[in-house]
Amino acid sequence: MAKRAKLGQRVLVSFGRRRTTGFLVSFHEKLDPRATKAIQEILDSQSVFDENLLRFTHWIADYYLCPWGDVLKAALPAGITLDEKRRWILEALPKGDKWREYCHRHPDARRIVETLSSGPLTSESLRRKLRASRLPLEVRLLREAGIISLRPVLLPPRVKSKMEAIVSLAEEKASEDWEKLLADLETRSEQRILRDVLEAGPEGILRTELLKGASSVRRQALGKLLAKRLLQLRLEEISRWDPEREKAPEIVTPTQLTQAQEKALSRILPLLSAEKFKAFLLYGVTGSGKTQVYIEAIKEVLRIGKTALVLVPEIALTPHLWARFHAAFGDRVAIQHSAQSPAIRHDLWRGILRGDYPVVIGARSAVFAPLKKLGLVVVDEEQEATYKQEEADPRYHARDAALMRAHLERAAVLLGSATPSMETLYQVRQGKYELLTLPERVGGSVLPQIAIISRKQEDVKEVAPLSDELVTEIQAILTSGDQAILLQNRRGYAPFLMCRRCGFIPGCPDCAVSLTYHRRGRNLRCHYCDKREDVPDACPRCSSPDLAYEGIGTQRLEEELALHFPQARLLRMDLDTTTRRGAHGRMIAAFAAGEYDILLGTQMVAKGLDFPGVQLVGVVSADTELFHPDFRAAERGAALLTQASGRAGRRERVGRVLVQTFAPEHPIVKTVCEQDWLGFAEQELQRREAASFPPSARLVLVRFSGKDESKVARAALRFRSLLKSEGGVETLGPAPAVLYKLRGKIRYHLLVRSLRTRDESGATLRRAVKQARDEFHRTHAEAGVEIEIDVDPVGIA
Ligand code: ADP
Ligand code: ZN
Ligand code: ZN
């Protein structure tokens with residue numbers, strides 16, 4: 001086994017009482033038998049991680065304070081690791097009569113046995129299939145009777161390579177004369193098959209192709225030729241990903257770069273072959289030609305024999321983007337997006353590993369793409385919060401990880417944005433990243449005119465979602481045959497239901513947030529845990545029937561628009577309408593093709609999309625962005641409004657933007673109007689510095705959650721007491737989280753912070769948190785409290 005073992009292979013090891021997938025990460029000459037596990041099997045013939053990826057994933061584990069194994073697993077496509085879990089298995093049924101007798105005594109037994117007859121199940125899925133709230137007692141009785149058992153079962157990976165049989169001329173016959181080979185054959189069918197194989201060339205031909213619609217005679221003839229060893233059969237891995245099947249609209253490839261593009265490239269290109277890390281910020285509004293700069297830089301990367309990785313937010317992985325890269329790089333580029341099946345993602349990953357695709361485009365997790373000789377990493381819309389994985393370990397930020405990967409592999413990084421993050425601008429100010437600017441839109445189209453519509457004078461209670469000004473502008477768009485986008489960053493019908501008499505607002509019992517009213521289904525829904533409740537006829541607290549819908553969601557807006565403009569073709573885009581695989585891409589394509597007049601929706605409609613027909617953008621309520629209890633709220637709100645207004649008036653004409661707000665003098669609203677992002681950033685960076693928040697400081701968020709509030713609070717306090725306050729490490733809290741209760745669990749936060757001036761790399765901060773965590777686990781007293789650690793948290797709700 002030692003001879004076959006290579007660094008970066010997957011292996012099967014026993015771990016505790018079960019077996020699981022492990023990774024070969026280093027070799028040692030001597031071993032300590034007590035600290036070593038025997039490898040049972042090597043699962044790969046080739047390495048799935050090279051040395052660079054091992055170093056990179058190790059850095060992520062170290063930086064984000066999570067297990068290396070979790071990072072390695074996250075770096076692989078889903079469904080290929082082997083894991084042993086305890087599962088219920090059907091052992092042996094008693095013989096006929098005995099079994100009938102048993103069922104007579106235990107009427108429920110048959111259903112359980114039948115459920116297990118199709119394969120092993122975990123306790124959880126057995127319970128679910130039996131539609132029981134807990135495992136029935138009968139399960140235990142069946143186990144005691146030896147009819148079923150609970151034991152570790154190794155299940156095969158869910159996704160495997162697709163192998164195809166290929167027929168070719170046997171090697172020994174390669175030098176023989178074809179005519180002679182053909183003449184020696186007895187039947188016409190054999191001759192025809194041999195001719196087909198010979199004509200396909202030395203690589204051979206797929207067996208399925210050779211036998212497409214074949215008669216049994218032809219099938220038998222192939223069998224005979226194989227038996228005679230004139231032909232041979234081999235298995236080859238086939239990719240189920242077919243670039244031709246990705247949708248690609250017609251596009252025009254620019255023939256000449258603009259001056260600004262040339263200037264940016266003149267800084268980037270020389271560095272690509274320099275074998276050293278260097279980061280650029282490419283700052284320019286949407287439509288200023290950033291994507292074209294990426295494409296030109298990648299051409300140079302390929303020319304010098306290196307590879308390139310392009311990260312974009314999931315939402316920007318559109319057919320349009322694909323068309324541009326495909327036109328530039330043909331079959332050397334691969335794209336990963338969420339509409340692809342696990343099998344296709346798997347094959348893509350295998351293809352990248354083999355070196356078939358030197359250019360890879362994808363969302364967050366593509367940062368782990370197994371590219372070799374990396375020359376350039378592009379992170380488009382680098383400010384996007386979706387680059388941060390928040391739900392589970394590793395809680396990494398794909399932009400920051402990309403920077404580190406490039407650093408380790410001595411590659412260049414190109415961060416692109418119309419509204420760069422404070423983190424990136426901070427590095428620019430420190431002189432660490434170079435700023436490149438594309439000051440205007442390609443073709444010189446002018447920036448939109450922005451008008452603020454104050455809704456302050458009106459009666460708050462009765463205010464209509466659409467102001468007269470907005471209605472007039474929409475009417476004008478419909479008359480001229482242009483398109484409009486309306487942003488309302490709240491889904492559902494009305495954000496909440498409120499009793500006009502006592503002010504009661506129905507909330508989710510598990511998640512301390514108000515329930516959102518959904519018109520369809522006429523129910524109230526929790527947007528965190530999806531709990532649904534019927535709308536009450538009267539206030540549950542004071543019994544008043546005077547319940548009112550407050551605020552507007554996208555559903556309500558859609559209805560309002562339909563009332564005002566019955567002839568308009570409306571397209572609503574939010575989480576509720578885009579859950580189906582591929583739905584989002586289809587909507588974008590349909591709107592771009594002019595099948596709708598108005599696109600309305602949540603933040604999704606504001607991001608990185610290019611619709612030339614849009615002349616009007618309406619921000620229905622800017623206020624939903626302005627007041628959030630988070631230190632990044634101002635940046636996020638300003639970015640969203642800036643991006644939304646950037647949708648209006650591409651190409652020759654001046655577009656219009658209307659922003660409705662109750663707070664017209666708010667600094668964010670001013671930023672948007674003046675279209676001065678760098679000016680806003682200057683102030684925002686000062687504010688962050690004054691308040692000791694990132695990027696001037698470093699943060700780690702420690703989250704405690706559990707059912708029992710006093711235990712959760714105690715755990716948080718104990719964690720704080722374990723933190724060493726050396727090197728300027730300090731704590732904020734613990735305090736109940738903004739989202740105080742989620743899915744029935746109480747949540748507390750502890751923020752741990754250090755200042756950049758004293759802890760530039762954040763190493764002191766991370767060491768302190770790590771020590772506290774290890775100590776916390778060692779002396780575990782707070783059972784039933786989970787802790788999660790989020791390094792560089794993006795949202796602190
Ligand atoms: P961004 O990535 O900043 O949004 P793009 O690169 O997508 O900008 O450019 C916006 C539009 O302008 C695209 O339709 C693109 O094809 C076109 N374009 C980009 N560069 C040029 C150029 N040099 N000449 C003509 N058209 C260009
Ligand atoms: Zn809930
Ligand atoms: Zn009431």
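Remember, it's 1-based here, ligands and their atoms both numbered in the order they're listed. The figures that follow rest on heavy atoms only: side chains count, while hydrogens, waters and symmetry mates do not.
Of the charged side-chain nitrogens involved, at least one lies within less than 4.0 Å of a carboxylate oxygen, so that Lys306 and Glu275 count as a salt-bridged pair. Here Glu423 pairs with Arg632 in a salt bridge; the nearest charged N to carboxylate O distance falls below 4.0 Å. Electrostatic pairing of Glu635 and Arg688 counts as a salt bridge here, judged by a charged N lying under 4.0 Å from a carboxylate O.
Ligand 1 places these atoms under 4.0 Å from at least one heavy atom of Leu257: 23 (N). For ligand 1, the atoms lying closer than 4.0 Å to a non-hydrogen atom of Thr258 are 23 (N).
Residue Thr291 touches ligand 1 through backbone and side chain together, judged by heavy-atom distances below 4.0 Å.
Annotation for Arg395 and Lys388: closest pair O-CE, 3.0 Å, computed over non-hydrogen atoms.
Close to ligand 1: Val285, with a non-hydrogen atom less than 4.0 angstrom away. A heavy-atom separation below 4.0 Å is found between Ser288 and ligand 1.
In terms of polar-atom proximity, Gln261 is counted as a contact of ligand 1, with an N or O under 3.5 Å from an N or O of the ligand. Considering both main-chain and side-chain atoms, Val442 never comes within under 3.5 Å of ligand 1 through any nitrogen or oxygen pair.
In this structure, Phe368 and Phe56 have tilted ring planes: the angle between them lies in the 30° to 60° band. Using a 30° and 60° split on the angle between ring planes, His326 and Trp322 fall in the parallel class, below 30°.
By heavy-atom distance, the residue among Arg441, Lys290, Gln256 lying nearest atom 23 (N) of ligand 1 is Gln256. Relative to atom 8 (O) of ligand 1, the option among Gly289, Ala316, Gly284, Pro254 with the closest non-hydrogen atom is Gly289.
Once rounded to the nearest 0.5 Å, the distance linking NZ of Lys290 with CG of Leu282 reads 7.0 Å.
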